[in-house]
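For reference, the structure discussed in these notes is given below.
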Amino acid sequence: MPHTGAFPGVERRARPRVEPTSWQTAITDIGPNRILIRGYPVDELMGRLSFADAVYLLLMGDLPTPAIGRMLNAVLVSSLDHGVTPPSTLATRNVATSGAPLKDCVAAGILAFGPHHGGDIESCMRFLDAGLCLQRTGHSRPDAARAIVDDCLRQHQTPPGFGHRFHTRDPRAARLFQMALELELDGEHVQMIRAVEREIEARQEAFGRPLPVNVDGAIAAITADLGFAHDLGNAIFLISRLPGLIAHAHEERARQPSMRQIDPKDHQYDGARERRLPESRK
């Protein structure tokens, strides 16, 4: 009988046929002349929902309340841009100076997000959850805050969501907390981070420098109270910063010579002077 295997002495066996199986998604349903996002026709959402409302719908599966929509809109505005010094901005501009397409420049900036830039939101959400777990087991809120701060000191770590290279008081965090209070969205995570803030202020000497709550900490506490999963906290920062990366890539390509060496210390701002919103926008 002739040999039919791939190698002498090895019998070829027929592979079992794998039947295609269906898989599920609950995000968007597409049909002829119809696009449903979480069940809502996209053309009905257009002009009726803010971008923040639509982001919430897409990520969380339902429409936000007016208060949540306003809060999330403020969160998205808070991290639009932070000048030329962040690693993501420098990565974007360095790729842009090569003449690369806009999408490649922005992709480079997104890839520059990491635990120390943009990733602190998830770390802070987990940090606050550790304090809340202690509180649920009988610790008071101040004691729980003290315990998680002690843990950071033992490990010689800065508590996630605290401290900033430039700001001794992050104006973005202050405004977000103010809005959370006004909109009655200051839940247990916001209350915990404020308790941690007080504990850190009382023990500033142990850390050796002021550690104000930064915008990452505020976003972490607020998005956690809004029900976002840890990794979606980082996603909110990514969505927020994307327009800033696009603006830097476009400006680099339009205003600067190609193939230049970019030193952020050499930059000079020549844009609009400080101005205030018109009354109709307040």
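Residue numbers count from 1 along this sequence.
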Using distance alone, with no hydrogens and no angle criterion, decide if His82 and His117 have a side-chain donor and acceptor under 3.5 Å apart. no

Within this structure, what is the [atom1]-[atom2] distance for the pair [X] and [Y], rounded to the nearest 0.5 Å?
| X | Y | atom1 | atom2 | answer |
| --- | --- | --- | --- | --- |
| Ile219 | Leu226 | CD1 | CG | 11.5 Å |
| Leu128 | His189 | CG | NE2 | 6.0 Å |
| Cys124 | Asn234 | SG | CG | 11.0 Å |
| Leu211 | Thr158 | CG | OG1 | 5.5 Å |
| Arg172 | Arg175 | CZ | CZ | 14.5 Å |
| Ile222 | Met71 | CD1 | CE | 4.0 Å |

[X], [Y]: one ILVMFWY side-chain cluster at the under-4.5 Å cut-off?
| X | Y | value |
| --- | --- | --- |
| Phe51 | Met46 | no |
| Val42 | Leu63 | yes |
| Ile27 | Tyr56 | no |
| Leu153 | Leu134 | yes |
| Tyr269 | Val84 | no |

Using atom types as modelled and distance alone, determine if a side-chain donor or acceptor of [X] lies under 3.5 Å from a backbone N or O of [Y].
| X | Y | result |
| --- | --- | --- |
| Thr92 | Ser88 | yes |
| His164 | Asn214 | no |
| His250 | Ala247 | no |
| Asn73 | Ser50 | no |
| Arg38 | Asp62 | no |
| Gln191 | Asp186 | yes |
| Ser258 | Thr97 | no |
| Asp29 | Leu36 | no |

pair [X]-[Y]: side-chain heavy atoms closer than 4.5 Å:
| X | Y | answer |
| --- | --- | --- |
| Ile193 | Phe162 | yes |
| Met125 | Thr223 | yes |
| Pro87 | His116 | no |
| Val149 | Phe207 | yes |
| Arg255 | Asp270 | yes |
| Val75 | Ile236 | yes |
| Asp170 | Pro212 | no |
| Glu252 | His248 | no |

For residues [X] and [Y], report the shortest heavy-atom separation together with the two atoms involved.
| X | Y | answer |
| --- | --- | --- |
| Ala144 | Gln135 | CB-N, 4.1 Å |
| Asp53 | Gly69 | OD1-CA, 3.2 Å |
| Leu102 | Ala249 | CD1-CB, 3.5 Å |
| Arg48 | Asp43 | NH1-O, 4.1 Å |
| Leu176 | Ala218 | CD1-CB, 4.0 Å |
| Gly109 | Leu245 | C-CD1, 3.9 Å |

Neighbour count above 12 (heavy atom, 6.0 Å) for Ile35 CD1: no

Please determine whether the number of non-hydrogen atoms from other residues, nucleotides or ligands lying under 6.0 Å from atom NE2 of His167 exceeds 12. yes

Could you walk me through whether Glu251 and Arg93 satisfy the salt bridge (charged side-chain N to carboxylate O under 4.0 Å, His left out) test, starting with their C-alpha distance in whole Å, then the side-chain angles of each, then the deciding distance to 0.1 Å, before giving a yes or no? CA-CA 9 Å; Glu251 183 182 70; Arg93 283 187 173 264; 2.4 Å; yes

Intermediate values then yes/no, side chain to side chain contact (heavy atoms under 4.5 Å, CB included), Leu45 and Leu57: CA-CA 10 Å; Leu45 302 180; Leu57 171 65; 3.7 Å; yes

Salt bridge or not between [X] and [Y]? Use side-chain N to carboxylate O under 4.0 Å.
| X | Y | value |
| --- | --- | --- |
| Arg260 | Asp266 | no |
| Asp129 | Arg126 | no |
| Arg203 | Glu199 | yes |

Cation-pi geometry met for Arg194 and Phe177 (6.0 Å, 45°): yes

Identify the residue among Ile68, Val190, Asp225, Leu72 that makes a side chain to side chain contact (heavy atoms under 4.5 Å, CB included) with Leu185. Ile68

Starting from the C-alpha separation in whole Å, work towards a yes-or-no answer on side chain to side chain contact (heavy atoms under 4.5 Å, CB included) for Phe127 and Asp151. CA-CA 10 Å; Phe127 173 69; Asp151 191 52; over 6 Å; no

How about Phe113 and Phe237: are their ring centres within less than 6.0 Å of each other? yes

Which pairs, with at least one residue in residues 205-223 and sequence neighbours excluded, count as a salt bridge (charged side-chain N to carboxylate O under 4.0 Å, His left out)? none

